There are 2 protein chains.
Amino acid sequence: MGSNAETRRSGCPISCSLDLLGDKWSLLIVRDMVMLRKHYFKEFLASAEGIATNILTDRLNRLEGSGIISKQPDPENRRQIVYTLTEKGVALIPVLVELMSWGKIYAGTTSVDRDKARRMQQDRRYKQRVIRELTEGCTSTPGRS
Amino acid sequence: MGSNAETRRSGCPISCSLDLLGDKWSLLIVRDMVMLRKHYFKEFLASAEGIATNILTDRLNRLEGSGIISKQPDPENRRQIVYTLTEKGVALIPVLVELMSWGKIYAGTTSVDRDKARRMQQDRRYKQRVIRELTEGCTSTPGRS
DNA sequence: CTCCACCACTTGCAAAAAGCAAGTGGTGGG
DNA sequence: CCCACCACTTGCTTTTTGCAAGTGGTGGAG
């Protein structure tokens with residue numbers, strides 16, 4: 001299940017991105033790493049959306065295979081594996097932020113978030129600050145739970 | 001196949017967005033409308049990625065069901081249907097632009113595009129101009145064959 | 001050392017979705 | 001009336017997802 005035979009449907013960069021990320025789980029894992037600072041299998045498993053273990057394994061392998069994340073044995077606890085974002089993965093933060101912004105306004109439930117999101121859409125500097133903060137948080141060392 | 005029983009996996013706005021758009025085709029249809037100015041079933045069908053007719057029908061119905069696109073009979077030719085983006089759909093342009101930018105740098109093939117994309121990542125004004133131009137092109141009337 | 005909890009997976013199977021090719025009803029021009 | 005064309009349907013096979021149970025490897029407690 002976890003093998004890697006990615007075939008590109010076309011040369012279009014959007015299509016290429018979707019070939020790697022176009023499903024319901026891959027970007028959620030990246031979200032977990034970026035927004036919730038998760039680094040461990042069991043942490044992803046505990047997320048609200050309820051991913052199954054076999055799907056999680058598969059997605060982690062694919063994301064590693066396409067160079068978005070890297071997996072290493074945890075130096076502090078050799079029983080577990082640390083998943084971290086690569087530069088390629090960190091570069092997905094703007095995508096995540098736009099998806100979040102859109103979702104808050106157009107796919108969400110609460111109106112509080114909506115207003116905050118609308119503000120972010122108009123105030124580009126604010127958005128840039130959010131992206132920068134998230135990026136810095138990801139390029140620094142984990143710092144653990 | 002085209003019914004609408006979207007269940008939300010969680011309240012997270014990113015998750016909500018992916019509930020609506022998290023597959024390999026939905027955003028490609030939006031791309032066709034935004035970037036390639038396509039408005040007709042047969043046009044989407046002719047895209048390089050090669051979507052099947054039943055999948056296309058399903059995605060168009062879902063996108064309509066979630067208010068991202070609207071379908072109307074073509075006033076100029078009653079044999080065909082015009083698909084247009086709603087405000088909610090137009091608001092996806094930034095997501096598309098980020099996906100394109102990321103794809104060009106990290107998932108693409110050519111290095112020419114890569115350089116242009118890197119420039120866009122550094123020059124925020126340029127990116128904003130791209131987004132504005134695309135948005136304007138979408139909110140104006142089709143003007144087609 | 002043994003035992004045991006815990007970790008990241010596997011495996012097996014059923015259900016859902018995608019993909020393919022062929023067919024269908026409605027429309028308008030010739 | 002006929003025919004080409006449009007946006008779909010339908011039937012079928014293949015692939016992916018989802019769920020539950022199981023597995024091998026590790027390290028700490030006793």
Side-chain angles (χ1 to χ4, degrees), chain A residues 1-7 9-10 15 18-29 32-33 38-65 69-84 144-145, chain B residues 1-7 9-10 15 18-29 32-33 38-65 69-84 144-145:
Chain A
M1 206 174 182
S3 83
N4 229 40
E6 281 301 347
T7 39
R9 289 173 297 174
S10 83
S15 169
L18 291 173
D19 285 340
L20 300 179
L21 303 162
D23 70 279
K24 292 205 186 302
W25 295 112
S26 300
L27 279 173
L28 280 190
I29 294 171
D32 278 359
M33 300 179 93
K38 297 189 175 182
H39 295 90
Y40 301 99
F41 193 91
K42 61 172 175 181
E43 289 179 322
F44 302 127
L45 214 56
S47 286
E49 291 82 12
I51 190 171
T53 58
N54 53 347
I55 309 291
L56 178 55
T57 301
D58 179 67
R59 289 307 118 89
L60 288 170
N61 285 333
R62 283 191 207 218
L63 288 172
E64 193 202 12
I69 67 173
S70 73
K71 46 197 288 193
Q72 294 144 358
D74 188 352
E76 293 175 21
N77 181 354
R78 269 208 294 157
R79 278 189 296 190
Q80 56 191 7
I81 291 174
V82 199
Y83 298 92
T84 49
R144 274 298 317 236
S145 59
Chain B
M1 207 175 182
S3 82
N4 228 41
E6 282 303 347
T7 39
R9 289 173 296 173
S10 81
S15 169
L18 292 172
D19 286 339
L20 300 179
L21 303 163
D23 70 280
K24 292 204 187 301
W25 295 112
S26 300
L27 279 172
L28 279 190
I29 294 172
D32 278 359
M33 300 179 93
K38 298 190 174 182
H39 294 89
Y40 301 98
F41 192 91
K42 60 172 176 181
E43 290 180 323
F44 302 128
L45 214 54
S47 284
E49 292 81 12
I51 190 171
T53 57
N54 52 349
I55 309 290
L56 178 54
T57 302
D58 179 66
R59 289 306 117 90
L60 288 170
N61 284 333
R62 283 191 207 218
L63 287 171
E64 192 202 13
I69 67 174
S70 72
K71 48 197 287 194
Q72 294 143 0
D74 188 351
E76 292 174 22
N77 181 353
R78 268 207 296 157
R79 278 189 296 190
Q80 55 190 7
I81 290 174
V82 199
Y83 297 93
T84 49
R144 264 286 330 216
S145 61

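Bear in mind that the values here come from a model prediction, so they are computed numbers and not experimental data. Note on naming: letters A, B, ... go to the chains in the order of the sequence lines (proteins, then strands), and numbering restarts at 1 for each one.
How far CG of Leu56(B) is from CG of Asn61(B): 9.5 Å, rounded to the nearest 0.5 Å. The CG atom of Asp74(A) sits 9.5 Å away from the CD1 atom of Ile81(A) when rounded to the nearest 0.5 Å.
In this model, the phosphate group of dG18(D) is approached by a side-chain N or O of Trp25(A) to a distance below 4.0 Å at OP1 or OP2. Between Arg78(A) and dC7(C) there is no side-chain polar atom (N or O) within less than 4.0 angstrom of OP1 or OP2.
Side chain of Asp58(B), nearest nucleotide from dA7(D), dC7(C), dA18(C): dA18(C). Of the listed nucleotides (dA7(D), dA17(C), dC20(C)), dA17(C) has the atom at the smallest distance from the side chain of Arg59(B). In this structure, the nucleotide among dT10(C), dT9(D), dG19(C) sitting nearest to the side chain of Ile55(B) is dG19(C). For Asn54(B), the side-chain atoms get nearest to dG11(D) when compared with the rest of dG28(C), dG11(D), dC6(D).
Side-chain atoms of Arg62(A) never come within 3.5 Å of backbone atoms of Ser26(A) as a donor-acceptor pair (strictly under, hydrogens ignored). No side-chain donor-acceptor contact under 3.5 Å links Lys24(B) to the backbone of Asp23(A).
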>> side chain to side chain contact (heavy atoms under 4.5 Å, CB included), that's the test. Do Phe44(A) and Leu60(A) meet it? Break it down for me.
In response: CA-CA 10 Å; Phe44(A) 302 127; Leu60(A) 288 170; 4.1 Å; yes

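Take the nearest nucleotide of DNA chain D for Gly50(A) and for Asn77(B): the residue whose nucleotide is more 5' is Asn77(B). Of the two residues contacting DNA chain D, namely Leu60(B) and Ile51(A), the nearest-nucleotide position lying further toward the 5' end is that of Leu60(B).
At whole-Å resolution of the value, CG in Asp74(B) and P in dA7(D) are 10 Å apart. Across the protein-nucleic acid pair, Ile29(B) atom CD1 and dA18(C) atom C1' stand 14 Å apart, rounded to whole Å. Remark: P of dA7(D) and CD1 of Ile69(B) are 13 Å apart, rounded to the nearest angstrom. The distance from atom CZ of Phe41(B) to atom P of dC5(D) is 16 Å, rounded to the nearest whole Å. Rounding to whole angstrom units, CD of residue Gln72(B) and P of dA7(D) are separated by 15 Å. At whole-Å resolution of the value, NZ in Lys42(B) and P in dA4(D) are 16 Å apart. For Glu76(B) and dC6(D), the CD to P distance is 15 Å, given to the nearest whole Å. Residue Lys24(A) contributes atom NZ, which lies 9 Å from atom P of dG18(D) at whole-angstrom precision.
For Thr53(B) against dT9(D), a side-chain N or O and a base N or O form a donor-acceptor pair under 3.5 Å.
Using a 4.0 Å heavy-atom distance criterion, Arg79(B) is classed as a base contact.
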